[in-house]
Amino acid sequence: MATQRKHLVKDFNPYITCYICKGYLIKPTTVTECLHTFCKTCIVQHFEDSNDCPRCGNQVHETNPLEMLRLDNTLEEIIFKLVPGLREQLQRELEFWKKNKPQENGQDDISKVDKCKADEEGDENQDDKDYHRSDPQIAICLDCLRNNGQSGDNVVKGLMKKFIRCSTRVTVGTIKKFLSLKLKLPSSYELDVLCNGEIMGKDHTMEFIYMTRWRLRGENFRCLNCSASQVCSQDGTLYQSYPMVLQYRPRIDFG
């Protein structure tokens with residue numbers, strides 16, 4: 001019989017250690033752009049100062065690299081099986097901070113156990129804590145499009161306040177839900193959202209529509225980072241100072 005070859009844990013270290021902190025991967029999180037994996041805490045802190053991958057230097061995302069992160073639960077289980085006692089050590093640490101969390105100043109300081117619980121909730125909850133107020137913002141005008149007695153015109157009316165400001169990551173699907181709530185439409189009622197006469201897909205973001213469909217680009221450009229006109233030393237994204245116009249109407253069935 002062929003003898004089984006034994007491997008030491010250190011033989012696997014290049015694959016199960018974090019490039020940033022050099023320790024074993026805790027909550028291994030992969031950058032979907034380049035597939036490099038880091039500790040979740042390490043990569044989140046890194047992206048507070050840079051949009052580039054710390055390992056390969058490639059730009060992960062122009063504005064919000066956190067949305068390109070994905071937890072790797074399979075790798076986490078592999079690491080727990082390879083490294084003896086790692087899972088138990090993390091559990092003891094969590095229990096320690098749970099017993100010794102700060103009690104000063106009315107518990108104003110966030111304990112480490114709270115941070116661990118926040119990590120377990122996933123990336124989506126982390127992104128939504130501020131309701132995307134920290135995202136790049138864009139001004140939009142929602143205009144009702146009427147077509148000479150088209151069916152549904154009596155239901156779909158113009159908004160009292162048609163100017164809104166929202167995250168550039170908002171999708172057309174979210175805009176449709178917003179309109180349905182404001183206009184008190186039945187759940188089965190469907191709308192079309194258009195830009196420059198072209199129907200927009202429900203997954204199109206406001207940033208995508210602005211960059212690819214919005215044609216009224218003139219002199220009123222401003223920088224998203226510092227509000228400077230035309231030229232900006234910060235090399236920020238340029239947006240218009242007047243709103244992008246989106247039109248809505250009852251869904252037309254061409255079948």
Side-chain angles (χ1 to χ4, degrees), residues 1-104 107-136 167 169 171 203 205 207:
M1 292 180 61
T3 58
Q4 292 184 349
R5 183 182 175 185
K6 293 185 178 180
H7 294 274
L8 300 177
V9 175
K10 67 178 182 180
D11 296 335
F12 300 96
N13 280 351
Y15 311 103
I16 60 176
T17 55
C18 177
Y19 179 82
I20 299 175
C21 70
K22 310 302 181 184
Y24 289 120
L25 289 165
I26 305 301
K27 291 285 181 184
T29 302
T30 299
V31 180
T32 57
E33 185 70 17
C34 57
L35 300 182
H36 288 136
T37 304
F38 311 90
C39 295
K40 181 176 180 180
T41 302
C42 294
I43 191 62
V44 169
Q45 289 180 350
H46 172 80
F47 282 154
E48 290 179 357
D49 302 318
S50 173
N51 291 345
D52 300 335
C53 172
R55 186 157 192 168
C56 64
N58 292 333
Q59 186 182 65
V60 176
H61 194 277
E62 292 183 357
T63 56
N64 191 6
L66 293 179
E67 71 179 13
M68 307 300 289
L69 298 180
R70 297 294 183 272
L71 286 173
D72 193 335
N73 295 322
T74 302
L75 180 57
E76 183 179 42
E77 287 301 318
I78 292 174
I79 294 173
F80 284 150
K81 292 182 182 299
L82 285 174
V83 183
L86 181 60
R87 189 196 300 267
E88 292 75 13
Q89 179 181 343
L90 293 177
Q91 185 63 32
R92 287 196 300 270
E93 182 180 350
L94 198 152
E95 291 175 355
F96 171 82
W97 287 112
K98 186 175 181 179
K99 295 178 181 178
N100 297 275
K101 58 183 178 180
Q103 300 291 334
E104 300 177 359
Q107 295 186 351
D108 288 337
D109 297 328
I110 301 176
S111 65
K112 288 192 175 183
V113 65
D114 293 332
K115 292 182 179 179
C116 292
K117 289 181 180 179
D119 285 346
E120 293 176 357
E121 291 176 357
D123 290 334
E124 290 186 2
N125 289 342
Q126 182 177 357
D127 292 340
D128 294 340
K129 284 179 181 177
D130 64 350
Y131 300 97
H132 298 287
R133 292 189 183 95
S134 60
D135 290 349
S167 165
R169 296 170 59 189
T171 64
D203 295 325
T205 65
E207 181 179 24

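Just so you know, these numbers come straight off a predicted model, no measurement behind them.
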* **Value rounded to 0.5 Å, distance of CD in E95 from CG in N100** => 11.5 Å
* Would a 4.5 Å heavy-atom cut-off, applied to side chains only, mark L90 and F80 as touching? -> yes
* Give, for atom CD1 of I43 and atom OG1 of T30, the distance between the pair rounded to the nearest 0.5 Å. => 10.0 Å
* **Heavy-atom side-chain proximity of L69 to V44 below 4.5 angstrom** => yes
* Heavy-atom closest contact (C53 atom, V60 atom, distance) -> N-CG2, 3.7 Å
* Could you tell me which non-hydrogen atom of R70 sits nearest to which non-hydrogen atom of T32, and how far apart they are? => CG-CG2, 3.4 Å
* Asked: What's the spacing between T171 OG1 and D203 CG if we round to 0.5 Å?
  -> 6.5 Å
* Among pairs that include at least one residue of residues 80-91, which meet salt bridge (Lys or Arg N to Asp or Glu O under 4.0 Å), considering only residues two or more places apart or in two chains? -> E77-R87
* For Y15, does the OH atom have more than 12 heavy-atom neighbours from other residues, nucleotides or ligands under 6.0 Å away? -> no
* Asked: Does any pair with a residue in residues 46-59 pass salt bridge (Lys or Arg N to Asp or Glu O under 4.0 Å), and if so which ones, sequence neighbours excluded?
  -> none
* Where L25 and F38 come nearest, the two heavy atoms and their spacing -> CD2-C, 3.5 Å
* Heavy-atom closest pair, residues L71 and K27 -> CD2-O, 4.0 Å
* Asked: Below 4.5 Å, heavy atoms only, C-beta onward: do I26 and T41 meet side chain to side chain?
  -> no
* Asked: So do the side chains of N51 and E62 get within less than 4.5 Å of each other, counting heavy atoms only?
  -> no
* Asked: If you round to the nearest 0.5 Å, how far is CD of E67 from CZ of F47?
  -> 11.0 Å
* **Verdict with reasoning, D72 to T29, per side-chain contact (heavy atoms from CB on, under 4.5 Å)** => CA-CA 6 Å; D72 193 335; T29 302; over 6 Å; no
* Please round to the nearest 0.5 Å and tell me the distance separating atom CG of L82 and atom CD1 of I16. => 5.0 Å
* Structure fact -> Heavy-atom nearest pair, P65 first then S50, reads CG-O, 4.4 Å
* Structure fact -> CG (L94) and NZ (K98) are apart, to the nearest 0.5 Å, by 8.0 Å
* To do: Indicate whether the side chain of E33 and that of H61 have a donor and an acceptor atom separated by less than 3.5 Å.
  => no
* Structure fact -> Here the pair of heavy atoms bringing Y24 nearest to C39 is O-SG, 3.7 Å
* Please say whether the positively charged group of K22, taken as NZ for Lys or CZ for Arg, lies over the ring of Y19, i.e. under 6.0 angstrom from the six-membered ring centre and within 45 degrees of the axis. => yes
* K40 vs P28 side-chain heavy atoms within contact, under 4.5 Å -> no
